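Protein chains get the first letters and strands the later ones, always in sequence-line order, with residue 1 at the start of each. Note that the structure is a prediction, hence the values are computed from the model and not measured.
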Amino acid sequence: MIIKILFLACAVAAANAGALVSPVYGAPYSYGAWNPYSSYPAQPALASQQSNTYRSPFNLGQVSTYSKSIDTPFSSVRKADIRVSNPGVAVAPAYSSFAAPYVSHVGVAAPIAKVATTGGLLGVAYSPATTVSHMTYTNGLGLAYSCGDNEDSWILYKERPEWSDVTPVPEDDGPNPVVLIAHSEKFEDVYDYFRAVLQKNEMSERALELTKDAVELNPANYTVWQYRRDLLKALGTDLRPELDYVEAIIKNSSKNYQVWHHRRVLVEWLQDPSLELGLTGDALLQDPKNYHAWQHRQWAIKTFGLYDKEMDFVDNLISEDVRNNSAWNQRYFVVNNHLGWSDISVQKEVCYTLEKIKFVKNNESAWNYLRGVLLHDKRGISGNSIVTSFCEELYKNKCRSPYLLAFIIDICDEAIKKGETSSFHNADRAVELCQALANKYDRIRSKYWNYMCDKFKKYQQNETHKDDNIDS
Amino acid sequence: MNNEECKDMAHRQHVKYFMRFLNILPSSLSSHDTTRVTIAYFSVAGLDVLGAISTVSLELRSRIIEWLYMLQVHPNKETGDMSMCGFQGSSTININLDPESSHYKCGHLAMTYTGLCILIALGDDLSRVNRKALVEGVKALQTDEGNFAATLSGCESDMRFVYCAACISYILNDWSGFNIEKATDYIIKSIGYDYGIAQCPELESHGGTTFCALATLSLTKQFHRLTEAQIEGLKRWLLFRQVDGFQGRPNKPVDTCYSFWVGASLKILNMLHYSNYGSNRHYVYETQDRVVGGFSKWPDTCTDPMHTYLGLAGLSLIGENGLSQIEPTLNITQRAHEHLKNLHEQWADS
């Protein structure tokens with residue numbers, strides 16, 4: 001009985017909704033699918049959810065909001081959660097009149113200055129209340145079975161005359177399996193026939209069509225994809241329509257490793273990367289931080305030398321969201337591999353980054369990039385006077401972003417190590433800044449800043465000892 | 001639910017939660033069909049960190065163990081080839097294939113790693129693991145670049161599988177299938193300009209892949225290959241991931257699982273105690289479902305076994321009461337690690 005109910009659940013809940021990257025385990029973690037109540041079929045379709053990050057003016061603090069609503073026949077839940085990071089910073093005196101309203105735990109998510117969205121749980125901007133993705137492709141045999149649209153009209157493989165010569169091969173999960181998935185009848189049927197053709201290594205058009213159904217039911221099955229590639233090769237299939245096909249799958253499962261791998265192999269076979277910037281560009285339009293899309297894009301650019309227009313692409317993304325760390329990373333990638341780190345190029349990147357920091361001061365991505373650029377400046381981070389005076393100017397104007405203070409600390413550290421300390425950049429200043437961070441501007445990391453402070457105190461002692469030696 | 005209520009562990013509910021996943025799952029999880037071993041791993045490792053491994057009946061324990069051994073891919077009977085050896089993630093294609101299609105049936109590094117972890121946590125003596133074959137299986141997957149593919153059957157290669165390969169080699173106490181120098185080169189090349197570590201060279205630094213890289217450096221004892229600037233940079237990058245809980249990348253939302261990925265990375269660098277335990281703990285508890293058990297990535301969203309296990313493991317790292325201690329590099333409990341060390345001694349004696 002339980003299994004019956006679970007079968008029912010599949011029709012709606014099997015939507016391969018937003019897959020999330022799991023760092024190690026390879027499988028997408030789909031929203032909704034894990035719901036312990038998913039034997040109630042309609043629930044995932046009735047839930048909606050949002051998460052956004054709003055920034056305060058001058059961007060010294062960050063407000064994240066999550067809101068969620070679920071309607072079931074049994075209950076309605078509305079929930080909003082708003083959190084603020086570094087409120088101590090956001091109320092820095094100079095800006096308090098602007099920052100104050102957003103610092104308190106407000107009851108409603110007020111969309112003040114929407115700078116970056118997280119892409120939601122789906123990783124794309126589609127409505128979170130997703131339904132099954134519908135894909136129809138006519139097959140090479142002139143037969144078309146609707147796929148997903150209407151479960152009632154679905155004809156099981158075991159009832160299809162053109163498959164009557166094949167004996168289905170059931171899954172052998174042993175006598176006492178664990179973590180058993182109560183697959184739908186359709187899933188079992190498709191995979192029974194998939195096993196049958198795989199077992200005999202059948203290389204046929206109908207097997208190629210079958211892999212589409214197997215993919216739709218589980219796009220993460222890497223064996224199905226590999227078998228499909230072997231079929232494409234054996235049958236000499238035109239690979240152009242295959243690019244369209246995998247593009248359609250990518251649009252629905254843009255955080256699935258297998259689909260991107262399939263795409264990459266196709267591009268390698270065709271030795272034609274002309275569609276890759278467009279494809280990844282579209283994916284990044286939906287989710288500008290999609291790791292898979294960036295990985296594929298970098299691979300295509302590197303392999304086929306497609307650097308020409310990449311800086312414009314990066315510029316656009318950074319203009320749209322100056323906090324898009326992925327875009328900053330891509331900027332580094334382009335300079336590193338294409339433009340090179342000549343003195344002029346370093347200076348150009350420094351100026352670009354300082355402009356962006358002027359615009360949004362509390363932006364870790366830009367500060368990190370600045371550090372990265374200065375790795376290529378022979379004078380280091382302490383010797384570029386444009387950078388050091390920019391920092392001191394910000395400091396003088398009461399900016400107390402932890403990233404600024406941390407940067408000045410690093411300048412002090414380098415100056416000490418090079419023996420080039422100045423009245424601005426020395427151990428005393430570093431100690432003072434570490435203490436300010438620990439006690440006021442970055443209290444969540446107070447222990448770390450105290451640890452840094454202790455390091456600089458040792459330098460102070462050394463300097464004192466040196467002075468002692470000189471005196472004696 | 002107000003915040004004061006959620007600050008304690010719904011221990012009993014979490015035990016039940018994992019027990020449910022060990023039994024039967026709804027068809028909505030069909031897309032996890034090829035990775036069922038990882039679901040078993042989260043559940044068993046989760047029960048272990050909850051100190052509840054003894055509540056797994058002997059009957060269930062033997063069911064899990066038998067099921068896993070059934071998924072082990074053995075050397076080719078005719079050719080003796082071991083390159084496909086390892087554990088499969090499920091029985092989806094665990095059938096007798098004709099010789100011309102036998103290459104589809106092969107192990108997957110993430111499944112071999114998590115499968116071995118389950119066996120260790122359940123107290124199995126690994127006597128039925130074909131250690132030599134598994135090591136050969138690992139060897140066949142290392143690329144010229146130094147990283148690893150997950151499986152021979154058409155797969156990408158990246159930092160995740162460097163980590164899985166390192167864990168397998170450590171567990172089997174045999175590094176002959178793992179070229180440490182090449183792997184370390186790959187890791188160093190993947191360090192970004194911000195000192196975080198990416199999935200592959202020049203990609204964006206990421207908390208999960210940074211964990212994979214640092215745990216590998218720890219298991220292979222290669223930290224001396226990093227410069228002081230790289231070590232100090234890593235410490236900074238990792239600690240800067242804390243917002244209240246941890247985020248995986250700069251300017252991304254906080255997520256429960258990074259309390260483990262970033263927390264364990266910091267632990268490996270002996271820096272975790274410089275993070276803010278209170279805020280971290282508070283965030284993770286906000287993602288707890290006290291009614292049916294489980295943790296989710298964000299407050300009031302759907303729980304799943306991965307975030308539940310990693311949430312608990314993250315809490316364990318900061319010394320939460322009632323949780324077993326975690327060995328951060330292998331991502332198993334120290335209890336399980338002790339059992340493994342005993343096995344290593346037995347292997348050395350024989």
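Nearest approach of A/L198 to B/Y104, heavy atoms of both residues: CD1-CD1, 3.5 Å.
Residue contact with chain A, scored on non-hydrogen atoms closer than 4.5 Å, is absent for B/A150. If you measure heavy-atom distances from B/M271 to chain A, the contacts under 4.5 Å come from the side chain alone. In this structure, the portion of B/S275 lying under 4.5 Å from any heavy atom of chain A is its backbone and not its side chain. The contact between B/T151 and chain A is made entirely by side chain atoms (from C-beta outward), counting heavy-atom distances below 4.5 Å.
Looking at B/E156 and A/R264, no side-chain N of the basic residue comes within less than 4.0 Å of a carboxylate O on the acidic one, giving no salt bridge. With respect to A/R331 and B/E204, no salt bridge is recorded, no charged nitrogen being found less than 4.0 Å from a carboxylate O. Ionic pairing of A/E364 and B/R249 is not present here: no N-O contact between side-chain nitrogen and carboxylate oxygen is shorter than 4.0 angstrom.
Geometrically, B/R160 engages A/Y257 in a cation-pi contact, judged by NZ or CZ lying under 6.0 Å from the ring centre and within 45° of the ring axis. The side-chain tip of A/K447 points at the ring of B/Y277 from less than 6.0 angstrom away and within 45° of straight on.
Side-chain contact annotation: B/W67 with A/D173, donor-acceptor N/O pair under 3.5 Å present. One side chain, B/E202 or A/N337, offers a donor N or O that lies under 3.5 Å from an acceptor on the other. Under the 3.5 Å distance criterion, with hydrogens and angles disregarded, no donor-acceptor pair is assigned to the side chains of A/N218 and B/S30. Side-chain contact annotation: A/N363 with B/N251, donor-acceptor N/O pair under 3.5 Å present.
Relative ring orientation between B/F240 and A/Y403 is described as tilted, the plane-to-plane angle lying within the 30° to 60° band. Ring pair A/Y451/B/Y274 is tilted by interplanar angle, where 30° to 60° counts as tilted. Ring planes of A/Y222 and B/H108: tilted class, angle from 30 to 60°.
In this structure, the separation between OG1 on B/T92 and CZ on A/F194 is 9.0 Å, given to the nearest 0.5 Å.
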